[in-house]
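Both ligands and their constituent atoms are indexed starting at 1 by order of listing.
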Amino acid sequence: MRGYHGRVTSPGPAELPGFDPTVPSEARVTDSFTGGKDNFAADRELAKLALEIAPELPMVFQESRKFADRAARFLVDAGVRQFIDVGCGMPTPDSLHHVLRPVAPDAKVAYVDHDPVVVAHGRALIDITGPVRFVQADARDPDRMLDHPDLTRIIDLNAPVAILLQSLLTVIPEDDVATAVVRRFIDRLPSGHGYLLVTHAVRDIRPEVTAELAQLYQEQGTVKGEHKENVRSWKEVEHFLDGLRLVPPGVVPLPDWRPDPGEPTIDTSAFWVVGGIGQKP
Ligand SMILES: C[S@@+](CC[C@H](N)C(=O)[O-])C[C@H]1O[C@@H](n2cnc3c(N)ncnc32)[C@H](O)[C@@H]1O
């Protein structure tokens, strides 16, 4: 995919989704799991069905937030002051710029989502003269997204930068599209000081649970694209970071990724979301 330019998706119009409260949206369903108020009846109904399949979901989201916090502090220690959070979801008190404020008050954050509700809520909460932007763009079109004027106003891709794909690739089921998107993001990162973070649900740990969740989200029209029986495998997720220097301990269940000293450990034998960071050589 080196040198690829353009939208990497199946044929069809390059449209950003509109607002339809009757179709559950990934961002609003996630919001309802994490105690947010920015969701509608259809979102809460899907969240209820998902919880019946996987009662551990609130814990999984809580651990994802803790991982994001540790990863952000690791990246700051590595010298990164620019972050592109792709598929950021609804703004919350734990959103990245809040986590960064005590450790890197000068950090710039471009939040990207294709969901207009996410972007509208985000923009209502931020000071548009500050170092934070909400960008409405489609990650399936990486160049258009990275060259969006709302993003380039604060982000310089020649300086240290991290692209964060937290649970984004899980909702891009087509393997060729997801791979092409990731390759293009890596192409655009600066050598030596560009980082890619990926988190992803995997089918290896509790295959029946992830398969049922995948079916539910696809049937409800929340996850679009090619219909898949289950989410990707751990190995497939590791392959997204091919060609990068893997930050130790690699791609592991989120709670096992560089836990803070003294942080209570949890049994991760049944934890089905993995994540890791790669540095562009
Ligand atoms: C499962 S949620 C994850 C939200 C957040 N990153 C987290 O980890 O809690 C996926 C998010 O990606 C967004 N999204 C899905 N496909 C996208 C695309 N092609 N371009 C941009 N955003 C997308 C959804 O609107 C949603 O906010």
Problem set entry | Proximal ligand 1 atoms for G87, defined as those under 4.0 Å from one of its heavy atoms | 3 (C), 4 (C), 5 (C), 6 (N), 11 (C), 12 (O), 13 (C), 22 (N)

Problem set entry | Ligand-side contact atoms (ligand 1) for residue partner A137, heavy atom cut-off under 4.0 Å | 20 (N), 21 (C)

Exercise. Should the proximity of S25 to ligand 1, defined as any heavy atom under 4.0 Å, be assigned to the side chain, the backbone, both, or neither?
Worked result: neither

For this session: Below 4.0 angstrom from a heavy atom of R65, which ligand 1 atoms are there? Numbered from 1 as shown, please.
Result: 9 (O)

For this session: Can you sort out which atoms of ligand 1 are near D115, meaning under 4.0 Å from one of its heavy atoms?
Result: 25 (O)

Exercise. Backbone, side chain, both or neither: what part of V171 comes under 4.0 angstrom of ligand 1, heavy atoms only?
Worked result: side chain

Exercise. Heavy-atom contacts under 4.0 Å between V86 and ligand 1: side chain, backbone, both, or neither?
Worked result: neither

Problem set entry | By salt bridge (charged side-chain N to carboxylate O under 4.0 Å, His left out) - contacts of K108 (at least two apart) | none

For this session: May I ask you to check whether H97 and Y111 place their ring centres under 6.0 Å from each other?
Result: yes

Problem set entry | Residue pair D43 / S32, side-chain donor-acceptor N/O under 3.5 Å | no

Problem set entry | Contacting atoms of ligand 1, where contact means under 4.0 angstrom from a heavy atom of Q166 | 3 (C), 5 (C), 6 (N), 8 (O)

Exercise. Which atoms of ligand 1 have any heavy atom of L168 under 4.0 Å away?
Worked result: 12 (O), 14 (N), 15 (C), 16 (N), 17 (C), 23 (C)

